[in-house]
Asker: 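Dropping the structure in here first, questions after.
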Protein chains: 2
Amino acid sequence: MPPVSERRERERAHRHQMIIDSARELAETEGWEAVTTRRLAERVEYSQPVLYSHFHGKDAIVAAVALDGFAELAADLRGARQAAPAPGPALRAVCDAYLRFASERPALYQAMFVLPTDLRFASAETPAPLRACFDEFVACFDPGNERRELVAEVVWSALHGITVLSASGRIPAAWQEERVDLLVTRLARTP
Amino acid sequence: MPPVSERRERERAHRHQMIIDSARELAETEGWEAVTTRRLAERVEYSQPVLYSHFHGKDAIVAAVALDGFAELAADLRGARQAAPAPGPALRAVCDAYLRFASERPALYQAMFVLPTDLRFASAETPAPLRACFDEFVACFDPGNERRELVAEVVWSALHGITVLSASGRIPAAWQEERVDLLVTRLARTP
DNA sequence: CCCGGATGCTAGCAGTGCTAGACATGCTTG
DNA sequence: CAAGCATGTCTAGCACTGCTAGCATCCGGG
């Protein structure tokens with residue numbers, strides 16, 4: 001491949017990531033309803049149609065943002081789990097890391113778990129970062145427990161429910177600590 | 001008040017409810033993204049601006065739909081709880097009723113719990129139907145348990161998480177039964 | 001009978017996601 | 001080295017959104 005087109009491809013890749021990053025920044029500072037193709041194009045200093053040479057449409061852009069988010073979340077969860085001394089405290093640590101991620105990057109979390117997306121979950125073509133996130137929850141349980149995937153799903157669902165309901169003001173923001181306590185202590189043990 | 005304006009007011013109230021019902025039907029059949037002020041106006045056979053003489057804006061219309069939904073959900077939950085023989089099975093019955101409501105009326109559920117709304121939750125000016133829904137969960141626990149409100153919040157959050165994650169394909173639609181089993185059996189008891 | 005106020009309409013604004021077609025730039029080939 | 005092709009980008013515009021200003025029209029009260 002000639003070096004010129006090599007450089008072009010590099011620049012194109014750079015611009016690709018620039019679009020994703022700009023969308024994410026814009027969403028984090030002003031919310032997703034402020035992320036429009038016009039404002040996004042203005043930010044990356046190109047016209048709107050170039051966005052469509054990188055992504056099928058706006059949905060694909062938020063999906064790309066979400067994918068980056070899943071990679072970060074997986075790293076966070078893994079770090080929290082491995083820093084814990086035992087499987088018991090590990091679940092608690094992972095839950096805390098999950099809630100911290102959601103509250104520190106609400107727009108990113110929204111792109112990952114709330115906004116309509118065509119990312120495939122729980123199937124063969126599920127991207128690796130998604131699966132990695134879920135696996136961190138599963139890994140907190142005894143491998144001998146054949147229902148551990150089910151328990152992980154329930155824990156994850158509960159955390160997600162707590163997150164979105166408190167983010168939208170549907171449950172009080174206080175008592176988060178106590179809710180996680182309740183959740184972990186009662187769901188962790190294998191009866 | 002003269003009978004003529006009395007009739008007018010009655011007609012106006014009828015049209016008011018007609019807007020709400022049309023919005024709900026449209027959402028149930030084609031999803032909320034298909035509910036536009038134009039289509040809504042066409043359905044009630046008036047022009048768009050009349051919508052704004054009834055509601056501040058589109059958000060207020062979905063809030064009205066949601067409010068109707070809360071009344072129905074509260075009735076469902078109450079019926080399920082009172083049909084149960086004891087507090088233990090009651091929680092399970094209420095959870096089942098909740099999930100059935102969510103899966104049978106997905107758009108209505110979305111208006112109530114997912115779409116951005118200015119309905120006040122968990123505060124002084126919370127509308128009665130909202131509070132009634134939450135209270136049905138609380139009533140499943142022993143009044144002597146001073147943490148029963150917290151437990152109710154967690155149960156509700158988990159149900160909500162299960163609902164939205166499976167509705168958006170983020171967890172498999174199967175195993176719902178088992179998830180609720182897990183949730184109820186481990187969170188119900190008062191240790 | 002005529003007037004005034006309420007009522008609902010037409011038309012339009014500013015914004016959205018997305019795309020067709022023009023244009024220029026630069027690479028490849030005769 | 002020049003001609004022409006292909007790639008890349010932009011301008012302009014489409015069909016749609018929520019929402020509103022201002023104008024008819026109609027009906028009840030004096």
Side-chain angles (χ1 to χ4, degrees), chain A residues 1-20 22-24 26-27 29-66 107 110-111 115-118, chain B residues 1-20 22-24 26-27 29-66 107 110-111 115-118:
Chain A
M1 181 182 291
V4 282
S5 43
E6 199 169 306
R7 186 210 61 203
R8 289 205 166 201
E9 203 153 318
R10 208 171 47 235
E11 288 175 348
R12 184 174 171 81
H14 177 255
R15 193 175 58 181
H16 189 92
Q17 193 60 41
M18 192 135 168
I19 293 172
I20 299 176
S22 297
R24 175 170 167 173
L26 204 47
T29 57
E30 305 187 43
W32 279 106
E33 69 281 355
V35 180
T36 72
T37 58
R38 269 165 248 268
R39 294 196 58 181
L40 208 46
E42 189 183 9
R43 271 216 171 197
V44 299
E45 297 180 293
Y46 283 92
S47 66
Q48 293 171 274
V50 303
L51 302 179
Y52 294 88
S53 76
H54 287 271
F55 303 94
H56 300 145
K58 190 186 172 181
D59 288 2
I61 297 178
V62 335
V65 173
Q110 210 176 4
L115 297 183
T117 178
D118 46 2
Chain B
M1 181 183 290
V4 283
S5 45
E6 200 170 303
R7 186 209 62 203
R8 288 205 166 202
E9 202 153 317
R10 208 172 48 234
E11 288 175 349
R12 185 175 170 79
H14 177 255
R15 193 174 59 181
H16 188 92
Q17 193 59 41
M18 193 135 165
I19 294 171
I20 298 176
S22 297
R24 176 170 166 174
L26 204 48
T29 57
E30 304 187 43
W32 279 107
E33 68 280 355
V35 180
T36 72
T37 57
R38 270 165 248 265
R39 293 195 59 180
L40 209 46
E42 189 183 10
R43 273 214 169 198
V44 299
E45 299 179 291
Y46 282 93
S47 66
Q48 292 172 274
V50 304
L51 302 180
Y52 294 88
S53 76
H54 286 271
F55 302 94
H56 300 146
K58 191 186 172 181
D59 289 1
I61 296 178
V62 335
V65 173
Q110 211 175 3
L115 298 184
T117 178
D118 44 3

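Just so it is clear, the model here is predicted, and its values are computed rather than measured.
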Asker: Is the phosphate of C:dG8, meaning OP1 or OP2, less than 4.0 Å from a side-chain N or O of B:R15?
Answerer: yes
Asker: Mind checking B:T36 for me? I need base, sugar-phosphate or nothing, with any heavy atom below 4.0 Å counting as a touch.
Answerer: sugar-phosphate
Asker: At what distance, to the nearest 0.5 angstrom, does CD1 of B:I61 lie from CG of B:L51?
Answerer: 5.0 Å
Asker: Specify the separation, in whole Å, of atom CZ of B:R12 and atom P of C:dA6.
Answerer: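 That distance rounds to 13 Å.
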Asker: Can you tell me how far the CD atom of B:E45 sits from the CZ atom of B:R15, to the nearest 0.5 Å?
Answerer: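 Going from the CD atom of B:E45 to the CZ atom of B:R15 covers 12.0 Å.
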Asker: How close or far is atom C1' of C:dT19 from atom CZ of A:F55, stated in whole angstroms?
Answerer: 18 Å
Asker: Examine C:dG17: is either OP1 or OP2 under 4.0 Å from a nitrogen or oxygen in the side chain of A:T37? Give yes or no.
Answerer: yes
Asker: Rounding to an integer number of Å, can you tell me how far A:L40 CG sits from C:dG15 P?
Answerer: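 Roughly 17 Å, once rounded to whole Å.
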Asker: Is there a side-chain contact between A:I19 and A:Y46, using heavy atoms and a 4.5 Å cut-off?
Answerer: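 A side-chain contact is absent here, since even the closest heavy-atom pair is not under 4.5 Å.
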Asker: I'd like to know if A:Q48 reaches the base of C:dC18 with its side chain such that a donor and an acceptor end up less than 3.5 angstrom apart.
Answerer: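 Answer is yes: a donor-acceptor pair is held.
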Asker: Figure out the OH/P separation between B:Y52 and D:dT20, and round it to whole Å.
Answerer: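 Rounding to the nearest Å, OH of B:Y52 and P of D:dT20 are 7 Å apart.
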Asker: Please report the distance, rounded to the nearest Å, between CD in A:E33 and P in C:dG17.
Answerer: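 In whole Å, C:dG17 P and A:E33 CD are 12 Å from each other.
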Asker: Using heavy-atom distances to pick each residue's nearest nucleotide on DNA chain C, tell me which of A:H56 and A:A34 is more 5'.
Answerer: A:A34
Asker: Between CZ of A:F55 and CD1 of A:I20, what distance do you get to the nearest 0.5 Å?
Answerer: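 Spacing of CZ (A:F55) from CD1 (A:I20) equals 4.0 Å.
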Asker: How close or far is atom C1' of C:dT16 from atom CG of A:D59, stated in whole angstroms?
Answerer: 13 Å
Asker: Given D:dC10, D:dC19, C:dG8, identify the nucleotide with an atom nearest to the side chain of B:K58.
Answerer: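 The closest nucleotide is D:dC19.
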Asker: For the pair made of NE2 in B:H16 and C1' in C:dT7, what is the distance, rounded to whole Å?
Answerer: 17 Å
Asker: Is B:R38 near enough to C:dT10 that one of its side-chain N or O atoms lies under 4.0 angstrom from OP1 or OP2?
Answerer: no
Asker: To the nearest angstrom, how far is B:R39 atom CZ from D:dC19 atom C1'?
Answerer: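 Spelled out: CZ on B:R39 to C1' on D:dC19 is 19 Å.
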